[in-house]
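What follows is a short report on a single structure.
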2 protein chains.
Amino acid sequence: MDELTPRQAEILDFILRHRAEHGAPPTRAEIVTAFGFRSPTAAEDHLRALARKGAIDLRAGASRGIRVLADAANEAMQAGPQDRIPLIGRVAAGMPMLATESIEAHYKLDRQLFHPAPDFLLRVQGWSMRDAGILPGDLLAVKRTPIAENGQIVVARLGEEVTVKRFERHGSLVRLLPANPDFAPIRIDLERQELVIEGRAVGLIRDGGFSLA
Amino acid sequence: MDELTPRQAEILDFILRHRAEHGAPPTRAEIVTAFGFRSPTAAEDHLRALARKGAIDLRAGASRGIRVLADAANEAMQAGPQDRIPLIGRVAAGMPMLATESIEAHYKLDRQLFHPAPDFLLRVQGWSMRDAGILPGDLLAVKRTPIAENGQIVVARLGEEVTVKRFERHGSLVRLLPANPDFAPIRIDLERQELVIEGRAVGLIRDGGFSLA
DNA sequence: TCGGGCACTGTATAAAAAAACAGTTATCGA
DNA sequence: TCGATAACTGTTTTTTTATACAGTGCCCGA
């Protein structure tokens, strides 16, 4: 979609608000009234511009034949916070996981797909969890929780590093186990080193046809 | 909202589908065409009945002045077919993949999460694709397509069996390769045996904390 | 300085759409 | 068996709506 002028964005916003309120898009005449124009052509011109830029679709001949295209609607609305789950990109040192700066994108999906419901997605790097079916590029669905049970796969932070591993604790000794014999387990003594559990893996999403695996 | 007759529910459903497809509710004439009526009054009467029962709101004088009230929309839609992706359960012999009988559930998720957009989800059985990170219980996102390129992971049907394997073809000889040394490749000569490619794997969803892997 | 996009005015008209009026047939409960 | 509701046909009228045509003024980049 091409960039809209401020005026065009106002028109698009009005169309969305009208549709939300009345269940149907406005007519040219209704746009004219709302903006105080004195000519239907003003509205017509704006609609043509919006259609040309790919924000809407005009159905010739049909009354209220304005279809707001999906991405235009998304950009205009910051969209409901519900049902949108953030994808965490590079996690800056010392910064909380869900800091706005770290959020790379938002994906719309049903959190109920996973149990328990995840709080964010994390892109997997490296092959260390290969044998658990967790591959580089996968999106790991993570439930925020500071505690973990033995055997669970956790997102842990060790200093500046964020890592995904299987969790195992005996007393104050924690082992973060990879699922790949080519990688070595990480041992931490909680009395000497700090370990932050950022959350627990509750699911996984992979985009890709696997054709290069 | 009062109880709707089956016919009235059909009309309401059409209004919702029309709105989803065209961005605006239908006119009386469009309802007439869709249902094969010979008089606009048939549509008018239905709309009046729906309004009286509280399913919709009619704006007098306005074209397409039909507002579907929130609870009516919820009851009528098992939610719009859009954004909902079917999960295929046991696939009956000889039945098309997307037959209503095979659909076990619908999940709400953004198809744009995967590229290309998938048509359905399939629950993975067995460990034969383990080394491709595809584990039993995973939901495989599948794009319907009858053709496959070498190296792609496909959903294929061999007689009554549906299987997920990596595709490789040379001439009329097809090999369906597992991603696990414990399983043997399947060889098919297209001139002797029939092979139906149901689709191509475009993504994967896993629900579970991996705690038992 | 020329053309194009932007943001409008003003007028006109054909087509689309709502909505009224007058009926028919059938079902169902009081 | 009466009246209400449902589900329609057929016709007409008025209003709404889209859309074409002819302009104006402004700004911007080539």
Side-chain angles (χ1 to χ4, degrees), chain A residues 1-19 21-69 72 76, chain B residues 1-19 21-69 72 76:
Chain A
M1 195 183 86
D2 285 13
E3 207 52 47
L4 301 182
T5 67
R7 194 57 162 168
Q8 286 163 4
E10 277 186 72
I11 302 278
L12 179 59
D13 190 63
F14 172 71
I15 294 169
L16 287 166
R17 276 184 290 117
H18 189 283
R19 208 183 47 171
E21 194 174 340
H22 302 289
T27 63
R28 275 66 166 166
E30 284 161 348
I31 296 174
V32 162
T33 307
F35 286 83
F37 297 153
R38 295 191 193 166
S39 165
T41 312
E44 183 75 29
D45 284 355
H46 278 299
L47 293 177
R48 292 276 167 84
L50 286 170
R52 182 164 38 78
K53 294 190 174 180
I56 63 171
D57 207 65
L58 288 174
R59 260 201 308 156
S63 71
R64 303 178 192 273
I66 302 169
R67 191 171 76 220
V68 180
L69 299 176
Chain B
M1 194 183 88
D2 285 14
E3 208 51 47
L4 300 182
T5 68
R7 195 56 161 168
Q8 285 163 4
E10 276 187 71
I11 302 277
L12 180 59
D13 190 63
F14 172 72
I15 294 169
L16 288 164
R17 277 185 289 114
H18 190 283
R19 210 183 46 169
E21 193 173 341
H22 302 289
T27 63
R28 274 68 167 168
E30 283 161 350
I31 296 173
V32 162
T33 308
F35 286 85
F37 297 152
R38 294 189 192 170
S39 165
T41 311
E44 183 75 30
D45 284 354
H46 278 300
L47 293 178
R48 292 278 167 86
L50 286 170
R52 182 165 37 78
K53 294 188 175 180
I56 62 171
D57 206 64
L58 289 173
R59 255 197 316 152
S63 72
R64 302 178 194 275
I66 301 169
R67 191 171 77 219
V68 181
L69 299 177

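Letters A, B, ... are given to chains in the order of the sequence lines, protein chains preceding strands, and every chain is numbered from 1. Just the heavy atoms: all of them, side chains too, but no hydrogens, waters or symmetry mates, feed the values below. What you are looking at is a predicted structure, and each value in this text was computed from that prediction instead of being measured.
- A close approach under 4.0 Å does not occur between any side-chain nitrogen or oxygen of Arg48(B) and OP1 or OP2 of dC8(D).
- With DNA chain C read from its 5' end, the first of the two nearest nucleotides for Thr41(A) and Gln8(A) is the one closest to Gln8(A).
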Side chain to side chain contact (heavy atoms under 4.5 Å, CB included) between Leu50(B) and Ile15(B): does it pass, once the steps are laid out? CA-CA 11 Å; Leu50(B) 286 170; Ile15(B) 294 169; 4.2 Å; yes
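- Atom pair Leu47(B):CG and dA17(C):C1' shows a separation of 12 Å (rounding to whole Å applied).
- Regarding contacts with the backbone of dC8(D), a side-chain N or O of His46(B) is found under 4.0 angstrom from either OP1 or OP2.
- On a pure distance criterion of 3.5 Å, no polar donor-acceptor pair joins the side chain of Thr5(A) and the base of dG5(C).
- Between the CG atom in Asp45(B) and the CZ atom in Arg7(B) there is a gap of 12.5 Å [rounded to 0.5 Å].
- Note: CD1 (Ile66(B)) to P (dT16(D)) measures 17 Å, nearest angstrom.
- Of the candidate nucleotides dG10(C), dT17(D), dA19(C), dA19(C) has the atom lying nearest to any side-chain atom of Glu44(B).
- If you find the closest nucleotide of DNA chain D to Ser39(B) and to Gly65(A), the one lying nearer the 5' end belongs to Ser39(B).
- When distances run from any side-chain atom of Ala60(B) to the nucleotides dT11(C), dA19(C), dA17(C), the shortest one goes to dA19(C).
- Rounded to a whole Å, the CZ atom of Phe35(A) is 15 Å from the C1' atom of dC6(C).
- The side chain of Phe37(B) lies closest to dC8(D) when the candidates are dA17(C), dC8(D), dT9(C).
- The neighbour count for Glu10(A) CD, taken as heavy atoms of other residues, nucleotides or ligands under 6.0 Å away, is above 12.
- Rounded to whole Å, atom C1' of dC6(C) lies 9 Å from atom NZ of Lys53(A).
- Taking the charged nitrogens against the carboxylate oxygens, Arg64(B) and Glu30(A) have no contact shorter than 4.0 Å, which rules out a salt bridge.
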Does His46(A) form a side chain to side chain contact (heavy atoms under 4.5 Å, CB included) with Phe14(A)? I'd like the steps, not just the answer. CA-CA 12 Å; His46(A) 278 299; Phe14(A) 172 71; over 6 Å; no
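- One interatomic measurement links the two molecules: CD of Glu30(A) to C1' of dA18(D), which rounds to 13 Å at whole-angstrom precision.
- The listed nucleotides are dT9(C), dA12(C), dA18(C); the one nearest the side chain of Arg38(A) is dT9(C).
- We find that CG of Asp45(B) is positioned 16 Å from P of dT24(C), with the value rounded to whole Å.
- Ala29(B) comes within 4.0 angstrom of nothing in the nucleic acid, heavy atoms only.
- To the nearest 0.5 angstrom, Thr27(A) atom OG1 is 7.0 Å from His18(A) atom NE2.
- Nearest nucleotide to the Arg52(B) side chain, out of dA18(C), dA18(D), dA6(D): dA6(D).
- Among the nucleotides dC6(C), dT19(D), dC8(D), the one closest to any side-chain atom of Arg7(B) is dC8(D).
- Looking at which nucleotide of DNA chain D each of Ala49(B) and Arg64(B) is closest to, the 5′-most match is held by Ala49(B).
- For the pair Ile11(B) CD1 and dC8(D) C1', the interatomic distance rounds to 11 Å; values are reported in whole Å.
- Regarding Leu58(B), its CG atom lies at a distance of 7 Å from the P atom of dA19(C), rounded to whole Å.
- Applying the 4.0 Å criterion to OP1 and OP2 of dA18(D), one finds that Arg28(A) has a side-chain N or O inside that range.
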